[in-house]
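What follows is a single structure, written as structure tokens, with notes after it.
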Amino acid sequence: MTKKLIKLGIIICLLIISPFLIFNGVCFMLGGLSPTMPGYLEVVTNDKSTMVFKSYEVDYITIDKLPEHAKTYIVGLEDQNFYKHNGYDFKRIVKSFIQNSNANEIVSGGSTITQQLARILYLNNEKSYKRKILELVYARRLENGLSKNKILELYLNEVFFGDNLYGINSAAKSYFNKSADELTKPETLLLYSILPAPNLYSPRVNLELSKEIYFKAAKNLIYRKIIDELEFNELITNYPDFIFENTIRNDTSWYNQSIYEQLRLSNVDIDKNNITISSLQDQFVQSILEEVVKEFNYEEKTDIGIVVLEPSTGNVLGIIGGKEKDDFNRVILTKKAIGSTVKPILYTLALENGFTPSSSFTSEPVSFYLDDDIVYSPSNNNNLYANRKINMVEALALSDNIYATKTLLLLGTKSLTNKLSHIGIKIDSNITNALGSFSLTLLQLASIYNALANNGIYNSPKFFSSYKINDKIYNNAQKKFQLFDERESRIMSYMLLSTQDKALKTYSTPTMLYNKPEKRFGIKTGTTESSSFAVGYNPFYTIAIYVGTDDNSKLFQSSISRVMFKKIADKLMEHKKDIYFSTHDLKPFILLNQQTNTQSFTYYK
């Protein structure tokens, strides 16, 4: 009888253990995983430097730099058998299964540190048995490929501390203004105690609850014999002071953030693949943008966006998404009414339809009677009018709204709508479009000007030339076509010099007269109640600058965009020759300001 019971016990044990033996065998055959996990992008720049990042960049700290208590506390709180198991803890799984069965839902995870790391890197927070099984597979493979110290290091650098803080180093700097290697024992315990529900247990959210969880964590450490009585007393009598406001921002570079966004829009599964990117960022251009941005003092509500494109390719050479490093990229995500920056687009369209730079309209107060008895009365800035006929060059230089409105009325409101539809921009056909009442992202606006700089050929903006997944290389597809007529694009390029032409200072002042770059750029500005733009180009660069308020409140620093344009243009062109566009098939003409007897720049038709 005893032998039968022993045999029965052995059979039952084998039935319980055999699935895990098979599971371990399968995981062993699958092999280990490298430290570069799915969801990471390896960006190779034009100077061959390499950066690895996720949708955020981790403020990484190696395990050897952390104090001993930072390692013992996390193991003691999260996974006491961490150094004994192979990725999962059988006892914890059984206990968790029983709790979930009793509750008839998943209430307990039983996840080890390795399983948590697998979930962070590979999976999501879905509560399902399917996800738990995948978690076990990835955890076992992590253990096959990495040392315990490396797993713990990756976990502490990836785990979420709430408030957009990833990794212990970011959390330490945010809460205590110090690096993780300087954390005291109470400070370390405070950070670890909030990990089960960081957005709930954070002392910034609920101080009393945070203290309660902190003391409970200290009790768990002494109960599990991780600390002694002396250390326990040190912890419970020294709840640490912390910085209430999070001043640490997501420090992903604006360019890498834009790469991530362009990949996402290309339907590339970023979270499930390691991807190597051939970036098109120009480090020289990027460094200049970052340098110039720091030279200005901004009001609290004022923010910025800057992008520089290469005319011949559409490559994005540099980008600044805001005055501070945060999550919102104002170049690719913010849509704002573009104001008078629409006028070069409108007037190039007019040139394509029979207008010339000499075509004239009277600049004076006027009302237009539209369909449905609508009366539309546009006005010029500060109500300044020529009260005479002006040509297209003067209208562009002084940003005359009456000339623009009459031009679109003559062309038909659908003409501008149709032109923009070629590049996927949909706007309503409206007479106010002549004054830029419709909204674009700064990147969209820059890409249109970039076509003018490229003899009318539109190249969709690119942040990377190609990407590689599992050794297979994919080219970044790019739209390329003739958006504007080649000849008319070059005529417009010279007309855009008029915004810096002192001879055209008549009833108003050319918009870039006092911020003229050292070398030639065709530039147009635009201003609305809440935004200010300066967009311009030459054969080397297209520069687009936005200054505005996120909440559309009044902007009081509209001049920054113009001053900033000159600074960036001069620095970019410092060691380049003043080369502009071909005029071999164009006829030159000069305007004369009869009041000042001043000759204008040379323009072409």
Side-chain angles (χ1 to χ4, degrees), residues 280 282 284-285 288-289 306-319 331 338 340-352 357 393 396 419-420 422-423 425 440-463 478-500 511-512 516-526 533-546 561 565-566 568-573 576-586 601 603-604:
L280 295 169
D282 186 308
F284 166 71
V285 173
I288 285 176
L289 300 188
I306 311 170
V307 64
V308 177
L309 277 62
E310 184 176 51
S312 61
T313 63
N315 295 347
V316 179
L317 303 179
I319 184 172
V331 173
I338 65 172
S340 290
T341 58
V342 72
K343 290 170 182 172
I345 306 169
L346 173 62
Y347 294 159
T348 305
L349 181 59
L351 292 173
E352 293 175 340
V393 179
L396 188 60
K419 176 66 78 173
L420 294 177
H422 294 321
I423 55 175
I425 295 172
L440 300 178
T441 67
L442 189 64
L443 186 60
Q444 287 175 322
L445 180 60
S447 70
I448 299 171
Y449 274 66
N450 207 54
L452 291 171
N454 190 32
N455 294 318
I457 299 172
Y458 177 84
N459 287 304
S460 57
K462 288 206 307 185
F463 292 92
Q478 184 182 44
K479 292 180 181 177
K480 182 176 182 178
F481 57 90
Q482 196 79 40
L483 180 62
F484 300 107
D485 289 347
E486 186 265 344
R487 186 174 180 276
E488 277 63 39
S489 296
R490 286 186 287 118
I491 290 174
M492 177 52 62
S493 297
Y494 279 91
M495 284 177 58
L496 279 168
L497 295 173
S498 66
T499 60
Q500 306 147 68
T511 53
M512 285 294 289
K516 180 175 177 283
E518 295 296 322
K519 293 169 185 172
R520 283 175 293 179
F521 275 84
I523 312 167
K524 186 68 188 79
T525 61
F533 298 90
V535 190
Y537 59 85
N538 66 12
F540 299 99
Y541 301 107
T542 295
I543 305 169
I545 298 172
Y546 155 79
S561 60
F565 189 101
K566 173 177 168 53
I568 292 171
D570 288 345
K571 287 178 182 291
L572 288 176
M573 292 296 294
K576 293 185 183 295
K577 293 181 179 180
D578 187 10
I579 298 172
Y580 212 56
F581 299 94
S582 170
T583 60
H584 69 279
D585 57 341
L586 305 178
F601 299 155
Y603 300 102
Y604 295 87

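What you are looking at is a predicted structure, and each value in this text was computed from that prediction instead of being measured.
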Q | Positive for side chain to side chain contact (heavy atoms under 4.5 Å, CB included) with Leu443, one of Ile319, Leu309, Asn450 | A | Leu309
Q) If you round to the nearest 0.5 Å, how far is CG of Asn315 from CG of Asp282? A) 10.0 Å
**Q.** Ile345 and Phe484, any side-chain heavy atoms less than 4.5 Å apart
**A.** yes
Q: Identify the heavy atoms of Pro311 and Pro539 that sit nearest to each other, and give their distance.
A: CG-O, 3.7 Å
Q. So do Ile425 and Gln444 actually touch side chain to side chain, heavy atoms under 4.5 Å?
A. yes
Q | Side-chain donor/acceptor of Tyr449 to backbone N/O of Thr341, under 3.5 Å | A | yes
Q | Candidate pair Thr525 and Thr499, rule side-chain contact (heavy atoms from CB on, under 4.5 Å), full reasoning | A | CA-CA 9 Å; Thr525 61; Thr499 60; over 6 Å; no
Q: Taking all heavy atoms of Thr542 and all of Ala446, pick out the closest pair and write down the distance.
A: CG2-O, 3.7 Å
Q: Without swapping roles, check the side chain of Lys524 against the backbone of Val535 for a donor-acceptor pair under 3.5 Å.
A: no
Q.
side-chain contact (heavy atoms from CB on, under 4.5 Å) for Leu496 and Leu396? Distances and angles first, verdict last.
A. CA-CA 7 Å; Leu496 279 168; Leu396 188 60; 3.9 Å; yes
Q.
Using every non-hydrogen atom in the two residues, find where Ile579 and Arg520 come nearest and quote the distance to one decimal.
A. C-NH2, 4.3 Å
Q | Spatial distance of atom CD1 (Ile491) from atom CD (Glu486) [nearest 0.5 Å] | A | 9.5 Å
Q) Considering only heavy atoms from C-beta outward, does the side chain of Ser498 approach that of Phe601 to under 4.5 Å? A) no
Q.
Is it the case that the ring center of Phe521 lies less than 6.0 angstrom away from the ring center of Tyr541?
A. no
**Q.** Worked check of side-chain contact (heavy atoms from CB on, under 4.5 Å) between Phe540 and Leu572
**A.** CA-CA 9 Å; Phe540 299 99; Leu572 288 176; over 6 Å; no
Q) Does a side-chain heavy-atom distance below 4.5 Å link Leu289 with Ile568? A) yes
Q: Could you tell me whether the side chain of Ser493 reaches within less than 4.5 Å of the side chain of Tyr537, counting heavy atoms only?
A: yes
Q.
Working to the nearest 0.5 angstrom, can you tell me the gap between Asn455 CG and Gln482 CD?
A. 7.5 Å
Q: Mind checking side-chain contact (heavy atoms from CB on, under 4.5 Å) for Val342 and listing every partner two or more places apart, or none if nothing turns up?
A: Ile338, Leu416, Phe438
**Q.** Distance-minimising heavy-atom pair for Asn459 and Ser312
**A.** ND2-O, 3.5 Å
**Q.** Any Met573 side-chain heavy atom under 4.5 Å of Asn538 side chain
**A.** yes
Q: Please answer whether the main-chain N or O of Ala569 pairs with a side-chain N or O of Glu518 as donor and acceptor at a distance below 3.5 Å.
A: no
Q | Beyond-backbone contact of Lys419 with Leu346, side-chain heavy atoms, under 4.5 angstrom | A | no
(Q) When you measure from the side chain of Lys571 to the backbone of Ile288, do you find a donor-acceptor pair of N or O atoms at a distance under 3.5 Å? (A) no
Q) Hey, what's the ring geometry for Tyr604 with Tyr494, parallel, tilted or perpendicular (30° and 60° as the breaks)? A) perpendicular
Q: Compare every heavy atom of Gly314 with every heavy atom of Gln478, then report the nearest pair and how far apart it is.
A: NE2-CA, 4.2 Å
Q. Can you tell me how far the CE atom of Met495 sits from the CG atom of Leu497, to the nearest 0.5 Å?
A. 10.5 Å
Q.
Quick check for you: to the nearest 0.5 Å, what is the distance between Thr313 atom OG1 and Asn454 atom CG?
A. 8.5 Å
Q. Do Leu445 and Tyr546 pass the side-chain contact (heavy atoms from CB on, under 4.5 Å) test, and can you show the C-alpha distance, the side-chain angles, and the key distance before you say yes or no?
A. CA-CA 10 Å; Leu445 180 60; Tyr546 155 79; over 6 Å; no
Q: Would you please classify the geometry between the Phe481 ring and the Tyr458 ring as parallel, tilted or perpendicular, with 30° and 60° separating the classes?
A: tilted
Q | Gap between atom CD of Gln500 and atom CD1 of Ile523 - 0.5 Å precision | A | 4.0 Å
Q. With sequence neighbours left out, what residues match Asp485 under salt bridge (Lys or Arg N to Asp or Glu O under 4.0 Å)?
A. none
Q.
Within the 4.5 Å heavy-atom criterion, are Val307 and Pro461 side-chain neighbours or not?
A. no
Q. Checking Arg490 side chain against Phe581 main chain: does a donor-acceptor pair fall under 3.5 Å?
A. no
**Q.** Minimum-distance pair of heavy atoms, taken over all atoms of Phe565 and Gly536
**A.** CE1-N, 3.4 Å
